[in-house]
Amino acid sequence: MHGPGEPKDVLVAEEVDVPRPGEGELLVRVRAAAVNFPDALLCRGMYQVRPDPPFTPGVELCADVVEAGPGAPASAPAPGARIIGGTALPAGAFAEYALVPADAAFPAPEALDDGEAASLFIGYQTGWFALHRRANLQPGETVLVHAAAGGVGSAAVQLAKAAGARVIGVAGGPEKARIARELGADVVVDRHTEDFVAVVKEETGGRGADVVFDPVGGDSFARSTKCIAFEGRIVVIGFASGDIPKQALNHVLIKNYSLLGLHWGLYRQRAPQHIPACHERLTELATKGLIKPLVSERIGFGGLADGVQRLADGSTTGRLVFDPTA
């Protein structure tokens with residue numbers, strides 16, 4: 001992309017030079033790249049990281065290591081290794097070759113194909129940190145997951161079920177509701193036709209949800225405060241609705257619940273030691289078949305701009321994956 005705008009307007013396929021790995025970076029050959037909401041924000045110039053254009057978006061991938069740059073640690077994956085990880089912008093994953101920080105490259109789980117593996121890093125790490133490190137989820141608790149058929153929402157459904165929780169998923173429309181059920185949600189609410197507040201209260205005997213996983217914000221957040229349990233935890237993941245809510249803190253006090261934020265990228269800066277342990281746990285769960293990213297569509301260069309736009313507009317389900325050979 002050469003300048004900010006809607007993904008369908010600014011993402012173009014061009015021949016560029018293969019990037020060269022800098023200090024502590026790996027050059028990788030892309031096998032697959034998962035499309036994420038941050039990619040749409042990057043196109044719009046609204047993401048917290050704003051590379052100077054022109055640059056290539058694509059924040060997570062599955063790839064083969066080609067070579068290491070100067071200063072890469074001896075423990076870095078060797079050439080030929082199949083890895084997953086986050087990219088080093090401006091050389092993002094929507095290309096044949098990309099750059100990855102050596103400390104953000106992890107072995108790709110053998111149980112997952114390239115598209116599934118590419119979808120494991122950001123979404124599932126986000127879900128794991130939100131549910132376990134921030135919300136301290138316990139077996140038997142009830143988790144309300146918004147956007148349950150979307151990228152991070154689908155990960156949260158599977159991770160909560162793997163932790164022994166009961167999951168109420170909220171999705172928009174019958175098709176997304178069907179997918180949320182297939183992912184393992186115990187109860188699914190179609191927000192177009194049902195009131196999730198009433199459903200949560202009914203399903204919990206009036207107690208409410210112990211944990212709310214909210215990547216949507218706006219009205220989804222506001223109404224979640226009406227069905228949060230005593231000592232419940234609302235984890236704010238993002239604001240896909242575009243509406244950042246303003247909460248009256250007296251309500252937090254009166255109902256005795258917690259508001260928690262989860263900015264997973266900050267762990268890479270402030271507490272990176274937790275990320276490898278999370279990857280090991282996710283790999284273990286994938287090997288056991290307890291989690292498996294739902295890849296709903298695989299697209300090549302020709303369909304990428306439209307695909308990122310559809311994700312930005314909220315019309316995709318599961319994970320949309322870019323395949324440079326498609």
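Just so it is clear, the model here is predicted, and its values are computed rather than measured.
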Item checked: Donor on one side chain, acceptor on other, D313 and S315, under 3.5 Å -> no
Next item on the list: Please report the closest heavy-atom contact between R233 and N136, naming both atoms and the distance.
Entry: NH2-O, 3.4 Å
Return all side-chain donor-acceptor pairs below 3.5 angstrom for residues 142-155, not counting sequence neighbours, or 'none' if the list is empty.
from, atom 1, to, atom 2, distance (Å)
H146, NE2, S224, OG, 2.8
S154, OG, G150, O, 2.6
S154, OG, G151, O, 2.9

Note to self: With a sphere of 6.0 Å drawn around CD of E194, does it hold more than 12 non-hydrogen atoms of other residues, nucleotides or ligands?
What the structure shows: yes
Margin query: So that I can tick it off, tell me whether R29 and E67 are bridged by a salt bridge, with the cut-off set at under 4.0 angstrom between side-chain N and carboxylate O.
Written below: no
Item checked: Partner of I234 by side-chain contact (heavy atoms from CB on, under 4.5 Å), out of V252, V211, L260, T225 -> T225
Item checked: Side-chain heavy atoms of Y257 within contact of V212, under 4.5 Å -> no
Note to self: So does G58 get a backbone contact from the side chain of D39, meaning a donor-acceptor N/O pair under 3.5 Å?
What the structure shows: yes
Item checked: Over all atoms of both residues, closest heavy-atom pair of S220 and F196 -> O-CZ, 3.7 Å
Next item on the list: Could you walk me through whether R281 and H132 pass the side chain to side chain contact (heavy atoms under 4.5 Å, CB included) test, one step at a time?
Entry: CA-CA 12 Å; R281 180 59 177 152; H132 292 281; over 6 Å; no
Notebook entry, point to check: Under 6.0 Å from the NZ atom of K226, do we count more than 12 heavy atoms belonging to anything else shown?
Noted result: no
Notebook entry, point to check: Yes or no on salt bridge (charged side-chain N to carboxylate O under 4.0 Å, His left out) for E116 and K292, after CA distance, side-chain angles and deciding distance?
Noted result: CA-CA 7 Å; E116 294 164 347; K292 184 176 184 179; 3.5 Å; yes
Checklist line | Salt-bridge contact E6-R44 (side-chain N to carboxylate O under 4.0 Å) | finding: yes
Notebook entry, point to check: Same cluster for F121 and L311 if Ile/Leu/Val/Met/Phe/Trp/Tyr side chains link at under 4.5 Å?
Noted result: yes
Check: Do I299 and L320 come within less than 4.5 Å of each other through their side chains, counting heavy atoms only?
Finding: yes
Note to self: Return the CD1 to CZ distance between I237 and F221, rounded to the nearest 0.5 Å.
What the structure shows: 12.0 Å
Notebook entry, point to check: Quick one: CD on E110 to OG1 on T287, what's the gap to the nearest 0.5 Å?
Noted result: 8.0 Å
Margin query: If only side-chain N and O atoms count, and only distance matters, is there a donor-acceptor pair under 3.5 Å linking Q125 with Y267?
Written below: no
Note to self: Ignoring hydrogens and geometry beyond distance, is a side-chain donor-acceptor pair present between R319 and N36 at under 3.5 Å?
What the structure shows: yes
Next item on the list: Can you see which heavy atom on I122 is nearest to which on W264, and at what distance?
Entry: CG1-CZ3, 4.1 Å
Item checked: Beyond-backbone contact of K8 with V308, side-chain heavy atoms, under 4.5 angstrom -> no
Notebook entry, point to check: Which heavy-atom pair separates W128 from C278 by the least distance, and what is that distance?
Noted result: CD1-SG, 3.3 Å
Notebook entry, point to check: So which heavy atom on P21 is nearest to which on P70, and how close?
Noted result: O-CD, 3.8 Å
Next item on the list: For the pair R134 (side chain) and L131 (backbone), establish whether a donor and an acceptor sit closer than 3.5 Å, ignoring hydrogens and angles.
Entry: no
Next item on the list: Supply the atom-to-atom distance E60 CD to T87 OG1, rounded to the nearest 0.5 angstrom.
Entry: 9.0 Å
Note to self: Could you check whether atom NZ of K161 has more than 12 heavy atoms from other residues, nucleotides or ligands sitting under 6.0 Å from it?
What the structure shows: yes
Note to self: Could you check whether any side-chain heavy atom of L11 comes within less than 4.5 Å of a side-chain heavy atom of C43, counting everything from C-beta outward?
What the structure shows: yes
Check: To the nearest 0.5 Å, what is the distance between CG (L282) and CG (L159)?
Finding: 6.5 Å
Checklist line | Test item: E14 and M1 side chains (from C-beta on) under 4.5 Å apart, heavy atoms | finding: no
Next item on the list: State whether the side chain of S296 and the backbone N or O of T317 hold a donor-acceptor pair below 3.5 Å, judged by distance alone.
Entry: yes
Check: Quick one: do L183 and V189 end up in the same hydrophobic cluster if we chain Ile, Leu, Val, Met, Phe, Trp and Tyr together by side-chain heavy atoms under 4.5 Å apart?
Finding: no
Check: Does V28 share a hydrophobic cluster with F94, counting links as ILVMFWY side-chain heavy atoms below 4.5 Å and allowing steps through other members?
Finding: no
Check: So, do V236 and P245 sit near enough that their side-chain heavy atoms are less than 4.5 Å apart?
Finding: no
Note to self: Are V295 and L285 linked, directly or through intermediate hydrophobic residues, by side-chain heavy-atom contacts shorter than 4.5 Å (ILVMFWY only)?
What the structure shows: no
Notebook entry, point to check: Is the shortest heavy-atom distance from the side chain of E280 to the side chain of E284 under 4.5 Å?
Noted result: no
Next item on the list: Kindly give the heavy-atom pair with the smallest separation between G217 and S241, and that separation in Å.
Entry: C-OG, 3.7 Å
Check: Rounded to the nearest 0.5 Å, what separation is found between the CG atom of L259 and the NE2 atom of H251?
Finding: 10.5 Å
Note to self: Is there a salt bridge (charged side-chain N to carboxylate O under 4.0 Å, His left out) between D210 and R207? Walk through the geometry before answering.
What the structure shows: CA-CA 9 Å; D210 300 293; R207 185 174 54 84; 2.6 Å; yes
Checklist line | Rounded distance (nearest 0.5 Å) linking atom CZ of R223 with atom CD1 of I228 | finding: 14.0 Å
Check: Given side chains that start at C-beta, do those of D64 and R31 come closer than 4.5 Å, heavy atoms only?
Finding: yes
Next item on the list: Just do the side chain to side chain contact (heavy atoms under 4.5 Å, CB included) check on H2 and F55 with the steps written out, would you?
Entry: CA-CA 7 Å; H2 289 265; F55 69 89; over 6 Å; no
For residues 75-84, which side-chain donor-acceptor pairs fall under 3.5 Å, sequence neighbours excluded?
from, atom 1, to, atom 2, distance (Å)
R82, NE, D114, OD1, 2.9
R82, NH1, P109, O, 3.4
R82, NH2, L112, O, 2.7
R82, NH2, D113, O, 3.4
R82, NH2, D114, OD1, 3.3

Item checked: V59 vs L42, side chain to side chain contact (heavy atoms under 4.5 Å, CB included): CA-CA, chis, key distance, verdict -> CA-CA 10 Å; V59 294; L42 279 164; 3.9 Å; yes
Next item on the list: Determine which pairs satisfy ring-ring contact (aromatic ring centres under 6.0 Å, His included) with at least one residue from residues 272-316, sequence neighbours left out, and list them in order.
Entry: F106-H279, F301-F322
Next item on the list: Let me see the working for L304 and V35 under side chain to side chain contact (heavy atoms under 4.5 Å, CB included), right down to the final yes or no.
Entry: CA-CA 9 Å; L304 189 56; V35 180; 4.3 Å; yes
Check: Is it true that F37 and V321 fall in one hydrophobic cluster, defined by side-chain heavy atoms closer than 4.5 Å?
Finding: no
